Amino acid sequence: MNPPHSSTRRIRSAALGQTLLIREWATGGSPHGDALLLHGLGDHSGRHDWAAGLIGRAGYRPIGFDWPGNGESDGTRGDMPTMEESCQLLDEATQSLDLAPSGIFAHSTGAFLLLSWLARRSGQDGALHRLRWVWLSSPLLRPSHGQPPLKIAIARTLARRFPKMTLGTGVRAKDCFHTGFAPFAESARKRAGGHHRVSLRFATDLLASEGVLLEEAERIDRGIAFLLTQGTEDRICPSGYAEELFQRLPTESKTWILASGARHEPFREPEPEGIENAARVWLEWQGRGRTLPANGSC
């Protein structure tokens, strides 16, 4: 299935003093409204053509941006905006783009930042007043998972003096999907604009926020339908954390799809058709105003 064509432009964030790359995907029409796409750390919007294709074919107009510190937006690689800055940036970007999305797709770290924004803005007049669905792809919920305590302690100490200093995340292409020849996959990921860096200020802000994120999620508007997709072999964001989030989301319209044998990016696995079809059906049902069973596997 060929990905949709996309075009890019740039806008200036007054809140952060940085320029963002905006990406818009061409579709045959958007009877159900717009959909915002949010990528994760070390990623960029162009690597999510697959999601834009599914969303566009379901009748939505996909639009996204590269977070600062990633892709073609300004900033040191890996220096993403803090939780507070991310909320300000999402407010600003949706206002600048005149965007009131009907749906939002968010992957990994993008999902972490989105959940906080939804919790803080739910019930307010603003960009979220038309929001009907949210698709969380392999959501990051416990940034401390798998990180040595000594590394975390050193990062917190150094962050006070060198906030924009970056460290390696330790994540490699083989952790994201079954790669075959790992060095080739790693090289291809870098050529595609991926990286493995994180700034100390962003890392420590995530760590400080992880303890309250699930409590914040309980404040999200009950009228929003949620889809969670994840691989059973995801070691970056293990499914046990997603299960806890699934239970605590206040909405009754929620679906959790686990892809057997898949890692952090199940849609890049050699045979992604099962989870692609499941997500496609869910999106089409959202366009019809219907709901699906609470969980499943593929």
Side-chain angles (χ1 to χ4, degrees), residues 36-45 47-48 51 64 66-71 77-87 89-90 104-120 134-148 151-152 155 166-173 175-177 189 194-217 220 226-249 256-259 262-268:
L36 177 64
L37 275 71
L38 301 174
H39 67 80
L41 175 65
D43 205 353
H44 62 82
S45 58
R47 293 187 73 247
H48 292 279
D66 291 355
W67 287 105
N70 299 272
R77 301 301 83 179
D79 185 31
M80 288 180 65
T82 63
M83 300 294 287
E84 185 61 37
E85 290 171 343
S86 295
C87 288
L89 181 60
L90 287 165
I104 302 177
F105 164 88
H107 177 69
S108 194
T109 307
F112 192 102
L113 300 175
L114 172 65
L115 286 168
S116 182
W117 187 53
L118 292 177
R120 299 182 192 196
V134 169
W135 174 5
L136 303 177
S137 167
S138 306
L140 175 69
L141 300 168
R142 294 287 179 182
S144 62
H145 174 80
Q147 298 297 330
K151 181 180 178 180
I152 292 175
T166 64
L167 299 176
T169 60
V171 174
R172 293 294 181 265
D175 301 313
C176 297
F177 52 92
R189 189 176 189 276
H195 67 81
H196 305 296
R197 309 298 296 176
V198 62
S199 70
L200 293 176
R201 75 182 192 110
F202 181 62
T204 54
D205 192 63
L206 285 180
L207 291 168
S209 302
E210 73 172 14
V212 299
L213 185 67
L214 293 179
E215 294 178 8
E216 286 189 329
I220 293 173
F226 275 84
L227 170 66
L228 276 70
T229 57
Q230 191 161 24
T232 58
E233 293 183 9
D234 188 348
R235 295 188 293 269
I236 300 171
C237 304
S239 59
Y241 300 133
E243 182 176 8
E244 184 178 0
L245 170 66
F246 184 81
Q247 297 298 332
R248 296 180 71 162
L249 285 170
W256 186 25
I257 299 173
L258 277 171
R263 295 177 182 172
H264 188 57
E265 297 181 0
F267 293 90
R268 299 190 189 283

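On a predicted model such as this, the values are computed, not experimentally measured, just so you know. Note: hydrogens, waters and symmetry copies are ignored here, and every other heavy atom, side chains too, is used.
In this view, Y241 and H145 satisfy the ring-ring contact (aromatic ring centres under 6.0 Å, His included) rule, not counting sequence neighbours.
Between the side chain of W67 and the backbone N or O of H39 there is at least one donor-acceptor pair closer than 3.5 Å. With hydrogens and angles ignored, the 3.5 Å screen pairs no side-chain donor or acceptor of H196 with any backbone N or O of T169.
For the residue pair G40 and N70, the shortest heavy atom distance occurs at O-OD1, 4.2 Å. Here the closest non-hydrogen pair linking V134 and L136 is CG1-CD2, 3.6 Å. Minimum heavy-atom separation, P81 to L89: CG-CD2, 4.2 Å. Counting all heavy atoms, side chain and backbone alike, L36 lies closest to G64 at CD1-CA, 4.4 Å. Here the shortest heavy-atom pairing between H195 and R189 reads O-NH1, 3.3 Å. For A262 against P266, the heavy-atom pair with the smallest separation is CB-CB, 3.6 Å.
Contact of the D43 side chain with the T109 side chain is not registered, since no non-hydrogen atoms from C-beta on lie closer than 4.5 Å. Using a 4.5 Å cut-off on side-chain heavy atoms (C-beta onward), L141 and C237 make no contact. Under the 4.5 Å side-chain criterion, counting only non-hydrogen atoms from C-beta, H264 is not in contact with D175. Using a 4.5 Å heavy-atom cutoff, the side chains of V198 and M80 are not in contact. Inter-residue side-chain proximity for E244 and Q247 is flagged as unmet; no heavy-atom pair is nearer than 4.5 Å.
Rounding to the nearest 0.5 Å places CG of D66 at 11.0 Å from CG of L38. Note: L140 CG to S108 OG = 5.5 Å, rounded to the nearest 0.5 Å. Taking CZ from F267 and OG from S138, the interatomic distance works out to 8.0 Å, rounded to the nearest 0.5 Å. To the nearest 0.5 Å, atom CD of residue E233 and atom CZ of residue R263 are 6.0 Å apart. L258 contributes atom CG, which lies 9.5 Å from atom OG1 of T229 (distance to the nearest 0.5 angstrom). Once rounded to the nearest 0.5 Å, the distance linking CG of L114 with CG of L90 reads 7.5 Å.
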Side-chain donor-acceptor contacts of residues 201-214 below 3.5 Å, not counting sequence neighbours, with atom names and distances?
from: R201; atom 1: NE; to: D79; atom 2: OD1; distance (Å): 2.7
from: R201; atom 1: NH1; to: E85; atom 2: OE1; distance (Å): 3.2
from: R201; atom 1: NH1; to: E85; atom 2: OE2; distance (Å): 3.4
from: R201; atom 1: NH2; to: E85; atom 2: OE1; distance (Å): 3.2
from: T204; atom 1: OG1; to: L200; atom 2: O; distance (Å): 2.8
from: T204; atom 1: OG1; to: R201; atom 2: O; distance (Å): 3.2
from: D205; atom 1: OD2; to: M83; atom 2: N; distance (Å): 2.7
from: S209; atom 1: OG; to: D205; atom 2: O; distance (Å): 2.9
from: E210; atom 1: OE1; to: S144; atom 2: N; distance (Å): 3.1
from: E210; atom 1: OE1; to: S144; atom 2: OG; distance (Å): 3.3
from: E210; atom 1: OE2; to: S144; atom 2: OG; distance (Å): 2.8

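Under a 4.0 Å N-O distance rule, the pair R120/E84 qualifies as a salt bridge.
Defined by atom type and a distance below 3.5 Å, a donor-acceptor pair is missing between the side-chain atoms of S86 and W117.
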### Query
Under the side chain to side chain contact (heavy atoms under 4.5 Å, CB included) criterion, do D234 and S239 qualify, and how do the steps go?
CA-CA 7 Å; D234 188 348; S239 59; over 6 Å; no
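The aromatic rings of H48 and H107 sit tilted relative to each other, their planes meeting at an angle between 30° and 60°.
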